[in-house]
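A short write-up of the structure that comes next.
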Amino acid sequence: MEFPFPNASTSLYLAISLSLLILSAADFNQDFDITWGRGRAMVLDNGQLLTLSLDQVSGSGFQSKKEFLFGKIDMQLKLVQGNSAGTVTAYYARTFNSSKPYDLSSQGDTHDEIDFEFLGNLSGDPYTLHTNVYSQGKGDREQQFRLWFDPSAEFHTYSFLWNPKSIVFYVDQTPVREFKNRESIGVPFPKQQPMRLYSSIWNADEWATRGGLIKTDWSKAPFTASYKNFKANTCAWSSAASTTSCGGGGKLASVTNSSPWFSLELDVTGQQKLKWVQDNYMIYNYCTDTKRFPQGFPPECKATPP
């Protein structure tokens, strides 16, 4: 389906001066650590390309070297080609636990998280894009979509904007989901804890494809996802000073920059694009799941669709 709206930027208001960490990773070695997989994760092409692979023994993963509190993150991914049923490629930001830096099961009961997950499928069937937002350990805010292209045929850009007003998920710069700050009605919003960026590929055939009916075909292994053109414009976090470059002070150098993403919200055209995606490609929304919430929907669902 052809997209019905022209390209347009989101609104900018309340422009402010901030000190920023601006990254444009020409070399994955400089910005990420490979954290698990024993050779199944590789940095290639002089740092321009990173691949993660899954076989019957193990998956693999990486994480960013630095933490950030708020930011605009872009990454180009090409997902597993062919029969990817049972596999999950996850790309997300999450609170970092310095005492157990590589144990994602021990990130704490109050962790924050912004999730893209790509659920594999049989050859010729579409991928499912699964999104979620955790704040103070509370998640269960799933929205799922079918993509309007084959994400395994070539690279596409997956982004999120995280600022004090909202979290917006983008696919090729088209907004697919907006989670607004609804603290005024008692909904926790991630804004106190810094995060790192993570990605991994792993086997989840007990649930990932058609509720677990379709299992991983290991004769097709290894399953490989590829990454390039990482870009980040973020508020750098200093754990030593317990402050960000956007907040000033501490041990961080003060560099004044314009920061359009920090106060960005979707304008009318952005909201139209969001509605087009959700009308045509959304396949699950927790805010309309009456079986799951028989006693009433979460408060953010009643305010406006998150």
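Nothing fancy with the numbering, it's 1 onward along the sequence.
Remark: side-chain polar atoms of Tyr91 are not paired, donor with acceptor, to backbone N or O of Ser200 under 3.5 angstrom. Using modelled atom types, no side-chain atom of Ser226 and backbone atom of Lys78 make a donor-acceptor pair closer than 3.5 Å. With hydrogens and angles ignored, the 3.5 Å screen pairs a side-chain donor or acceptor of Asp289 with a backbone N or O of Arg292. Between the side chain of Trp162 and the backbone N or O of Ile114, no donor-acceptor pair lies under 3.5 Å. Within the 3.5 Å criterion, the main-chain N or O of Thr35 finds no donor-acceptor partner in the side chain of Asp33. Under the 3.5 Å distance criterion, the side-chain polar atoms of Ser84 are left unmatched by any main-chain donor or acceptor of Gln81. Between the side chain of Ser64 and the main chain of Leu197, a donor-acceptor pair closer than 3.5 Å is present. The backbone N or O of Leu69 sits nowhere less than 3.5 Å from a side-chain atom of Gln193 that would complete a donor-acceptor pair. Formation of a donor-acceptor pair under 3.5 Å by the Ser166 side chain with backbone atoms of Phe179 is not found in this model. The main-chain N or O of Phe68 is never found under 3.5 Å from a side-chain atom of Thr234 such that the two would form a donor-acceptor pair.
The aromatic rings of Phe32 and Phe28 sit tilted relative to each other, their planes meeting at an angle between 30° and 60°. Note: Trp276 and Tyr281 have perpendicular aromatic rings, judged against thresholds of 30 and 60 degrees for the angle between ring planes.
For the atom pair CG (Leu54) and OG (Ser60), the distance works out to 7.5 Å, reported to the nearest 0.5 Å. In this structure, CZ on Phe118 lies 5.5 Å from CG on Leu77, to the nearest 0.5 angstrom. Note that CG of Leu264 is 10.5 Å distant from NZ of Lys165, once rounded to the nearest 0.5 Å.
Cation-pi geometry between Lys72 and Phe262 is not met: the NZ or CZ atom fails to fall both under 6.0 Å from the ring centre and inside 45° of the normal. Cation-pi contact between Arg94 and Tyr198: absent, since separation from the ring centre below 6.0 Å together with deviation from the ring axis within 45° is not met.
There is a side-chain donor-acceptor pair under 3.5 Å between Arg146 and Thr128. Side-chain atoms of Glu183 and Asn181 include a donor-acceptor pair closer than 3.5 Å. No side-chain donor from either of Asp172 and Thr174 sits under 3.5 Å from a side-chain acceptor of the other. Between the side chains of Gln136 and Thr110, not a single donor N or O lies within less than 3.5 Å of an accepting N or O.
Ion pairing between a basic and an acidic side chain is recognised when a charged N comes within 4.0 Å of a carboxylate O; Arg177 and Asp115 show no such pairing. Of the charged side-chain nitrogens involved, at least one lies within less than 4.0 Å of a carboxylate oxygen, so that Arg40 and Asp55 count as a salt-bridged pair. For the pair Lys228 and Asp45, the salt-bridge criterion is not met [side-chain N within less than 4.0 Å of a carboxylate O]. Salt bridge Glu300/Arg141: present, at least one basic N to carboxylate O contact under 4.0 Å. In summary, Asp31 and Lys65 do not engage in a salt bridge, as defined by a charged side-chain N under 4.0 Å from a carboxylate O.
Every residue meeting the side chain to side chain contact (heavy atoms under 4.5 Å, CB included) condition with Lys215, not counting sequence neighbours, appears here in chain and number order: Asp205.
No path of Ile, Leu, Val, Met, Phe, Trp and Tyr side chains, each step under 4.5 Å between heavy atoms, connects Val133 with Ile283, placing them in separate hydrophobic clusters. Cluster annotation: Leu274 is connected to Phe160 through the hydrophobic network of ILVMFWY side chains, with a link wherever side-chain heavy atoms come within less than 4.5 Å. Under a hydrophobic-cluster definition in which Ile, Leu, Val, Met, Phe, Trp and Tyr are linked whenever side-chain heavy atoms come within less than 4.5 Å, directly or via other members, Leu122 and Leu129 are assigned to different clusters.
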Worked check of side chain to side chain contact (heavy atoms under 4.5 Å, CB included) between Leu119 and Trp207: CA-CA 10 Å; Leu119 313 185; Trp207 64 270; 3.8 Å; yes
Before giving the answer on side chain to side chain contact (heavy atoms under 4.5 Å, CB included), spell out for Tyr227 and Met75 the whole-Å C-alpha distance, their side-chain angles and the decisive distance to 0.1 Å. CA-CA 7 Å; Tyr227 303 75; Met75 183 82 82; 4.0 Å; yes
Could you go through the side chain to side chain contact (heavy atoms under 4.5 Å, CB included) check for Glu178 and Leu266 one step at a time? CA-CA 9 Å; Glu178 181 182 33; Leu266 293 179; 3.9 Å; yes
For Lys180 and Val187, what are the C-alpha separation, side-chain angles and deciding distance, and is it a side chain to side chain contact (heavy atoms under 4.5 Å, CB included)? CA-CA 10 Å; Lys180 293 184 177 181; Val187 179; over 6 Å; no
Side chain to side chain donor-acceptor pair (under 3.5 Å), that's the test. Do Thr131 and Gln143 meet it? Break it down for me. CA-CA 5 Å; Thr131 66; Gln143 289 185 356; 4.8 Å; no
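Residue Phe155 forms a side-chain contact (heavy atoms from CB on, under 4.5 Å) with just one option from Asn229, Leu79, Leu49, and that option is Leu49. The one candidate from Tyr170, Phe145, Tyr127, Phe169 that meets the ring pair (Phe, Tyr, Trp, His ring centres under 6.0 Å) condition with Phe116 is Phe169.
Within the 6.0 Å centre-distance limit, the rings of His156 and Phe149 are counted as a close aromatic pair. Centroid-to-centroid, the aromatic rings of Tyr286 and Phe297 stay 6.0 Å apart or farther.
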